[in-house]
A.B. asks: 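Let me give you the structure first, and then I'll get to my questions.
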2 protein chains.
Amino acid sequence: MVGLTIGKVAEHAGVNVDTLRYYERQDVIGKPLRNGSNYRLYPEDTIRRVRFVKRAQELGFSLAEIKELLELRVSKNASCANVRDQALAKVDSLNEKIRSLQSMRRALVKLANECSDDGPVGDCPILDALDEKGRVR
Amino acid sequence: MVGLTIGKVAEHAGVNVDTLRYYERQDVIGKPLRNGSNYRLYPEDTIRRVRFVKRAQELGFSLAEIKELLELRVSKNASCANVRDQALAKVDSLNEKIRSLQSMRRALVKLANECSDDGPVGDCPILDALDEKGRVR
DNA sequence: ATAGACCCTAGACCTAGGTCCAGGGTCAAG
DNA sequence: CTTGACCCTGGACCTAGGTCTAGGGTCTAT
Ligand SMILES: [Zn+2]
Ligand SMILES: [Zn+2]
Ligand SMILES: [Zn+2]
Ligand SMILES: [Zn+2]
């Protein structure tokens, strides 16, 4: 056996076989060798690489960003600082998203607090606020 | 003039005309009357309604949720509390998203702090962490 | 009367990250 | 030899919220 079939890789990496073909099309993982029946034969460390991808996704990296990280990993003149810069840039964008969600939350909580428990919907300050008059901030 | 053409509504509400047609297909705004040339003629308050939609989107509501809010508004037996419940449910889901982003951020910051400024990429703790060994948490 | 600005419809296209399907080949077990 | 589990490709489909195009009709000003 010179490699793993796609089904084995998928099983051990915890992904769908179609996901592996998709990653290949997206150049996230390299093109594997083929056997005489045109079956893909993956090297063992593909499993590790796919799990790398999945963990990076959980940290909020897109596939495009993950590709860059993987390229850095094999690049001869990349330094640890290059990787850290990517991570810190991601932290910045996470901060932005978090701030924006927090401001949505603040506005909603404020409106909900003004809402009376069982008045008619015509007097609802939430609907009123959405319904013109001025921005919810 | 018995109503506003789609272009006027779009201009005053700050959206694309296609967006208005899209909202109509999605039943977010009602079907307007048509004139003899089959042009849409909107009542004045459509502008207000579209702005309502845009503000609700900024608060994180999906179009489907906004539809529900708008239905509540015209529902005879809806109370203020119904609206507040929707708002609080949205707050819950915002909380979840925020927590998840914060946990990504925590993990990334931790990794970046361990990263040496200019060691070779082969020793990068970020790549190491992604690259097997165990979950980043 | 004709240019340019609007309007109409149906349907394609876009992002992201896959998933699924049709139609066909391969391989091992019984 | 047949059955079932795999594998292959290309392309369609999905969500969400739109945007854009093609091909046509209408309206207004010059
Ligand atoms: Zn395994
Ligand atoms: Zn590093
Ligand atoms: Zn206006
Ligand atoms: Zn209320």
Side-chain angles (χ1 to χ4, degrees), chain A residues 1-29 31-42 46 49-70 90 93 97 100-101 104, chain B residues 1-29 31-42 46 49-70 90 93 97 100-101 104:
Chain A
M1 197 67 72
V2 280
L4 302 163
T5 60
I6 195 169
K8 291 298 173 197
V9 173
E11 179 193 337
H12 284 283
V15 298
N16 192 307
V17 293
D18 285 320
T19 301
L20 294 175
R21 298 196 187 104
Y22 176 71
Y23 284 176
E24 184 180 334
R25 284 198 299 284
Q26 304 301 308
D27 275 325
V28 173
I29 60 180
K31 292 187 192 308
L33 296 174
R34 301 297 182 110
N35 73 8
S37 307
N38 201 30
Y39 286 18
R40 288 169 179 82
L41 287 181
Y42 293 94
T46 303
R49 172 173 282 232
V50 173
R51 292 211 270 235
F52 179 110
V53 172
K54 285 301 173 188
R55 277 190 294 273
Q57 281 185 320
E58 284 175 26
L59 290 177
F61 289 96
S62 69
L63 285 184
E65 289 165 336
I66 292 167
K67 237 164 78 175
E68 289 176 39
L69 286 175
L70 289 166
K90 201 68 208 174
S93 83
K97 276 182 210 157
S100 147
L101 292 177
M104 290 178 196
Chain B
M1 197 67 73
V2 281
L4 301 163
T5 60
I6 195 168
K8 291 297 172 196
V9 172
E11 180 194 338
H12 284 283
V15 299
N16 193 308
V17 292
D18 285 319
T19 301
L20 294 175
R21 297 195 189 106
Y22 176 71
Y23 285 176
E24 184 180 334
R25 285 200 297 283
Q26 303 301 310
D27 274 326
V28 172
I29 60 179
K31 293 187 192 309
L33 295 174
R34 300 297 183 109
N35 72 9
S37 306
N38 201 30
Y39 285 19
R40 289 169 179 82
L41 287 181
Y42 293 94
T46 302
R49 172 173 282 232
V50 172
R51 293 211 271 235
F52 178 111
V53 172
K54 285 300 174 189
R55 277 190 293 272
Q57 281 184 318
E58 284 174 25
L59 290 177
F61 289 96
S62 69
L63 286 184
E65 289 165 336
I66 292 167
K67 237 165 78 177
E68 289 176 39
L69 285 176
L70 288 167
K90 202 68 208 174
S93 82
K97 275 182 210 155
S100 149
L101 292 178
M104 290 178 195

A.B. asks: With respect to the phosphate group of D:dT26, does any side-chain polar atom (N or O) of B:Asn35 fall under 4.0 Å of OP1 or OP2?
C.D. replies: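 For B:Asn35, the contact criterion (side-chain N or O under 4.0 Å from OP1 or OP2 of D:dT26) is not met.
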
A.B. asks: What heavy-atom pair brings A:Ala10 and A:Val17 nearest, and what distance separates the two atoms?
C.D. replies: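 Heavy atoms of A:Ala10 and A:Val17 come nearest at CB-CG1, 3.7 Å.
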
A.B. asks: Which one of B:Ile66, B:Val15, B:Thr19 satisfies the side-chain contact (heavy atoms from CB on, under 4.5 Å) criterion with B:Val53?
C.D. replies: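 Of B:Ile66, B:Val15, B:Thr19, side-chain contact (heavy atoms from CB on, under 4.5 Å) with B:Val53 is met by B:Ile66 alone.
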
A.B. asks: Donor-acceptor check, side chain of B:Lys90 to backbone of B:Gly60, threshold 3.5 angstrom: yes or no?
C.D. replies: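 Checked: pair present.
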
A.B. asks: Please check if the side chain of A:Arg51 supplies one atom and the backbone of A:His12 the other of a donor-acceptor pair under 3.5 Å.
C.D. replies: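 Such a contact is found between A:Arg51 side chain and A:His12 backbone.
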
A.B. asks: Quick one, A:Tyr22 with A:Leu63, criterion side chain to side chain contact (heavy atoms under 4.5 Å, CB included). Give me CA distance, side-chain angles, the key distance, then yes/no.
C.D. replies: CA-CA 11 Å; A:Tyr22 176 71; A:Leu63 285 184; 3.7 Å; yes

A.B. asks: How would nucleotides 1-17 of chain D be written as a contact map, 5' to 3', with B for base contact, S for sugar-phosphate-only contact and - for no contact, using protein heavy atoms under 4.0 Å?
C.D. replies: -----BSSB-------B

